Q: 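Pasting a structure below so you can have a look.
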Number of protein chains: 2
Amino acid sequence: MRRDIFQAIADPTRRAIITLIALQAMTPNAIAEHFDTTRQAVSKHLRILTECELIKQEQKGREIYYQLEIEKMKEIDKWLEQFRAIWETRFNQLDNLLTDLNGKKKK
Amino acid sequence: MRRDIFQAIADPTRRAIITLIALQAMTPNAIAEHFDTTRQAVSKHLRILTECELIKQEQKGREIYYQLEIEKMKEIDKWLEQFRAIWETRFNQLDNLLTDLNGKKKK
DNA sequence: AATATACGCAACCTTTTGGTTTCTCAAAAT
DNA sequence: ATTTTGAGAAACCAAAAGGTTGCGTATATT
């Protein structure tokens, strides 16, 4: 069973859950109300998200509040870093090209 | 058949392919040499990546070079944006807290 | 004490995924 | 002209994903 962040965010429902609880912790029932599935299905998604440590639980009486581990989200950002370097380079190349063209014009 | 970027980058082999061809276009055979699978398996991954427009092909004789569509990668970045806002806010809150503590110390 | 609620867990089912093997076709090499 | 090489397409398969229903248990409510 592969369980990493990229796997976790592949599912659109899970991405929606992440967005939903990003600002405030919620219980499985409360979350399920936002979707067109059963609580159990949501519960499964929550388990997957928990297993890859994207969310954490906090028990309050018989209710369990799920909260986003925002720090973990940075791992995606970290992976993107290598490509960001490329698209910024592309931008710089364009920039240089424009500068060169300007230079030629001025000559 | 769901075919979006998040789905595409969920597979570790596909992420590796993306990284591999990020800097220079490669043929399926050349790509497959880097992995422990058959060319056909790689070919399937390439098809999925092509379908969600993360890569594009360029035919040269009987060889097909696959190249990363770096622009498409920005869509992931775009999704992350909402969370970046949160983790920067958290940082600011911490910053404010530290400032407050400093203020109290100074009093 | 009895009932209702919140939740996780397990069993089960269907569809999707990731892979392999085989086939075909077009371009290159001999 | 024949053979080799690069590559997509199709058929097939095992494993995983995503969902459902049913059950057990702990906490609240009455």
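Scope of the values below: all heavy atoms of this structure, side chains included, with no hydrogens, waters or symmetry mates. Since the structure is predicted, the reported quantities are computational estimates derived from the model, not experimental observations. A note on names: the letters A, B, ... follow the listed sequences, proteins ahead of strands, and every chain is numbered from 1.
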Q: From CE of A:Met26 over to C1' of C:dA6, roughly how many Å is that when rounded to an integer?
A: 15 Å
Q: Looking only at side-chain N and O atoms, does A:Thr27 come under 4.0 Å of OP1 or OP2 in C:dA6?
A: no
Q: Within the distance-only criterion (no hydrogens, no angle test), does the side chain of B:Glu53 pair as donor or acceptor with the backbone N or O of B:Thr50 below 3.5 angstrom?
A: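 Side chain of B:Glu53 to backbone of B:Thr50, a donor-acceptor pair under 3.5 Å: no, none is there.
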Q: Identify whether NZ of Lys or CZ of Arg in A:Lys56 sits under 6.0 Å from the centre of the six-membered ring of A:Tyr66 and within 45° of that ring's axis.
A: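 No - A:Lys56 does not lie over the ring of A:Tyr66 by the 6.0 Å and 45° rule.
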Q: Roughly how bent is the helix from C:dA1-D:dT30 to C:dT30-D:dA1 end to end, in steps of 10 degrees, with each end axis from five pairs?
A: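 That helix has its two terminal axes inclined by roughly 20°.
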Q: With a 4.5 Å limit on heavy-atom distance, are the side chains of A:Phe83 and B:Asp77 in contact?
A: no
Q: Does A:Ser43 have a side-chain nitrogen or oxygen under 4.0 Å from the phosphate oxygens OP1 or OP2 of C:dG8?
A: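 Yes, within the criterion.
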Q: Should A:Lys60 and A:Glu58 be marked as a side-chain contact (heavy atoms from CB on, under 4.5 Å) after you check the CA-CA gap, both sets of side-chain angles, and the distance that decides it?
A: CA-CA 6 Å; A:Lys60 276 193 179 172; A:Glu58 197 184 342; 4.1 Å; yes
Q: Any side-chain N or O of B:His45 below 4.0 angstrom from OP1/OP2 of C:dT17?
A: no
Q: How would nucleotides 20-30 of chain C be written as a contact map, 5' to 3', with B for base contact, S for sugar-phosphate-only contact and - for no contact, using protein heavy atoms under 4.0 Å?
A: BBB----BS--
Q: Just verifying a value: how many Å separate A:Ile70 CD1 and A:Leu54 CG, rounded to the nearest 0.5 Å?
A: 9.5 Å
Q: Do the side-chain N or O atoms of B:Arg47 get closer than 4.0 angstrom to the phosphate oxygens (OP1, OP2) of C:dG19?
A: no
Q: What is the distance, to the nearest angstrom, from the CG atom on A:Asp4 to the P atom on D:dA17?
A: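 Distance check: A:Asp4 CG to D:dA17 P gives 10 Å.
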Q: Quick check on the hydrophobic clustering: are A:Ile48 and A:Ile64 connected, directly or via other members, by side-chain heavy-atom contacts under 4.5 Å?
A: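 No, no single cluster joins them.
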Q: Send over the distance from A:Ile48 CD1 to C:dG8 P, rounded to a whole Å.
A: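 Going from CD1 in A:Ile48 over to P in C:dG8 covers 13 Å.
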Q: Is the backbone N or O of A:Ala8 less than 3.5 Å from a side-chain atom of A:Arg14, with the two atoms forming a donor-acceptor pair by type?
A: yes
Q: Whole angstroms only, please: what is the CD1-C1' distance between A:Ile17 and D:dG19?
A: 13 Å
Q: Taking any heavy-atom pair under 4.0 Å as a contact, classify B:Phe35: base, sugar-phosphate, or nothing.
A: nothing
Q: Give the rounded distance in Å between these two atoms: CD of B:Gln7 and C1' of C:dG18.
A: 11 Å
Q: Does A:Lys74 have any side chain to side chain donor-acceptor pair (under 3.5 Å) partners at least two apart in sequence or in another chain, and if so, which?
A: A:Glu71
Q: Nearest whole Å is fine: how far is D:dG18 C1' from A:Arg3 CZ?
A: 11 Å
Q: Check whether any side-chain nitrogen or oxygen of B:Asn29 sits under 4.0 Å from OP1 or OP2 of D:dA7, and answer yes or no.
A: yes
Q: What's the OH-P distance between B:Tyr65 and D:dA7, to the nearest Å?
A: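 To the nearest whole Å, that distance equals 8 Å.
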Q: Do the non-hydrogen side-chain atoms of A:Gln40 and A:Lys44 ever get within less than 4.5 Å of each other?
A: no
Q: For C:dA6, does OP1 or OP2 lie under 4.0 Å from any side-chain N or O of A:Tyr66?
A: no
Q: Can you tell if the side chain of A:Ile9 reaches within under 4.5 Å of the side chain of B:Trp79, non-hydrogen atoms only?
A: yes
Q: Side chain of B:Arg14 only, heavy atoms from C-beta on: which candidate in D:dG18, C:dG18, D:dG8 is closest?
A: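 Nearest nucleotide to the side chain: C:dG18.
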